[in-house]
Amino acid sequence: MEGGGMVAMTLRFLERFFCKLHRPLVVVTSAAYRDVYFKQIQQLNHLDYQLIENKFPSCSQLSSVEFSAPTAGPITIGYFGIIRGQEMWEKLVGAIDQAEGKLRLYIRGSISSISMGANFFEKHPYIEYGGTFQNPTDLPEMYRSIDISWIVSDDNTWNLK
């Protein structure tokens, strides 16, 4: 949708057309996505937007979270949100496999655009998929169950910042 090619331009045109025709409520997980993509690029300033972020809304909520030192067992990495990016995924899975039990990966969210193959989670005993989650109710428990959070991206576009 960001590209300059004919397909991206056509898709953006169709999106603008249908949004102007139907005036939908647009739900976004980032203010930057709303402001840059929809308002600047698409010029869709007249739509109703609902911002639902998949992170703590403010630092004031951190006081309700209990922090503790990592356990003596494997270090648990949390990967939460939309799980995407095949190359990055393969690097992360490779690191977990190479660590031979010293690292564990806990995934929560929606898996998108990643090829895993059949029985992936059975073949990788240190990788667990906990399903989708409700924001903000599930966040404290999710973050309590990990030692560090995977927030790495090899894509430096505005919509991933």
Side-chain angles (χ1 to χ4, degrees), residues 1-2 15 19 24-42 44-45 47-161:
M1 298 289 283
E2 294 178 50
E15 183 176 54
C19 283
L25 169 67
V26 179
V27 179
V28 294
T29 58
S30 160
Y33 193 72
R34 175 197 60 212
D35 296 342
V36 175
Y37 178 73
F38 281 105
K39 291 186 175 185
Q40 288 179 16
I41 294 173
Q42 288 290 63
L44 293 170
N45 296 306
L47 300 180
D48 292 323
Y49 293 95
Q50 175 68 49
L51 175 63
I52 302 177
E53 296 198 28
N54 60 351
K55 52 193 161 289
F56 286 113
S58 70
C59 291
S60 64
Q61 287 191 347
L62 292 179
S63 62
S64 66
V65 177
E66 298 172 19
F67 293 96
S68 60
T71 62
I75 295 172
T76 301
I77 300 169
Y79 188 1
F80 306 144
I82 299 175
I83 315 305
R84 62 179 166 215
Q86 187 69 35
E87 184 180 351
M88 190 63 67
W89 172 253
E90 289 172 5
K91 289 177 184 178
L92 181 57
V93 169
I96 299 296
D97 288 343
Q98 231 175 7
E100 298 176 343
K102 294 177 185 161
L103 293 175
R104 181 179 165 268
L105 179 61
Y106 179 54
I107 305 162
R108 291 288 301 268
S110 171
I111 298 174
S112 171
S113 306
I114 292 181
S115 174
M116 292 184 183
N119 304 320
F120 174 85
F121 294 108
E122 287 136 21
K123 295 176 186 174
H124 298 274
Y126 295 101
I127 301 176
E128 176 188 352
Y129 177 61
T132 58
F133 61 91
Q134 288 288 30
N135 179 20
T137 20
D138 294 340
L139 295 183
E141 182 58 36
M142 288 166 51
Y143 282 96
R144 262 195 299 275
S145 65
I146 66 170
D147 299 309
I148 58 176
S149 184
W150 180 262
I151 54 171
V152 178
S153 173
D154 58 358
D155 189 348
N156 197 25
T157 60
W158 64 266
N159 64 343
L160 288 180
K161 289 182 178 176

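In this structure the side chain of S145 never reaches within 4.5 angstrom of the side chain of T76, judged on heavy atoms. Side-chain atoms of I111 and I82, non-hydrogen and from C-beta on, never get closer than 4.5 Å to each other. At least one side-chain heavy atom of I52 sits under 4.5 Å from a side-chain heavy atom of Q50. Within the 4.5 Å cutoff, the side chain of C19 has no heavy atoms near those of the Q42 side chain. Between V93 and F120, some side-chain heavy-atom pair lies under the 4.5 Å cut-off. Side chains of V26 and F38 form a contact here, defined as non-hydrogen atoms less than 4.5 Å apart. Looking at K39 and Y33, their side chains never come closer than 4.5 Å, going by heavy atoms from C-beta outward.
D97 is linked by a salt bridge (charged side-chain N to carboxylate O under 4.0 Å, His left out) to nothing, counting only residues two or more places apart in sequence or in another chain. With sequence neighbours left out, the ring pair (Phe, Tyr, Trp, His ring centres under 6.0 Å) criterion links F121 to Y129.
Closest non-hydrogen pair, L51 versus T29, comes out as CD1-C, 3.8 Å. Minimum interatomic distance between G101 and P74 (heavy atoms only, all atoms of both residues): O-CB, 3.2 Å. Taking every heavy atom of both residues into account, A95 and L103 meet most closely at O-CD1, 4.1 Å. When all heavy atoms are compared, the tightest approach of P140 to P136 is CD-O, 3.4 Å.
For S149 (side chain) and I151 (main-chain N/O), no donor-acceptor pair under 3.5 Å exists by modelled atom type. Side chain of D138 to backbone of F133: no donor-acceptor contact under 3.5 angstrom is found. Between the E128 side chain and the L105 main chain, no donor and acceptor come within less than 3.5 Å of each other. Distance alone, capped at 3.5 Å, is enough to place a donor-acceptor pair between the R108 side chain and the T132 backbone.
Note: R144 CZ to L139 CG = 10.5 Å, rounded to the nearest 0.5 Å. Here the straight-line distance linking atom CG of L44 with atom CD of E15 works out to 7.0 Å at 0.5 Å rounding. To the nearest 0.5 Å, the span separating CG on N45 from CD on Q40 amounts to 9.0 Å. Here OH of Y79 is found 8.5 Å from CD1 of I107. Values are rounded to the nearest 0.5 Å. In this structure, CD1 in I114 is found 12.0 Å from CD in E87, a value given to the nearest 0.5 Å. Rounding to the nearest 0.5 Å gives a distance of 9.5 Å between CD1 of I83 and OG of S112.
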task = Report the C-alpha separation of I146 and F80 in whole Å, then their side-chain angles, then the decisive distance to 0.1 Å, and conclude whether the side chain to side chain contact (heavy atoms under 4.5 Å, CB included) test is met.
result = CA-CA 11 Å; I146 66 170; F80 306 144; 3.8 Å; yes
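Using modelled atom types and a 3.5 Å distance limit, the side chains of Y106 and R104 yield no donor-acceptor pair.
The environment of K102 atom NZ is sparse: at most 12 non-hydrogen atoms of other residues, nucleotides or ligands sit within 6.0 angstrom.
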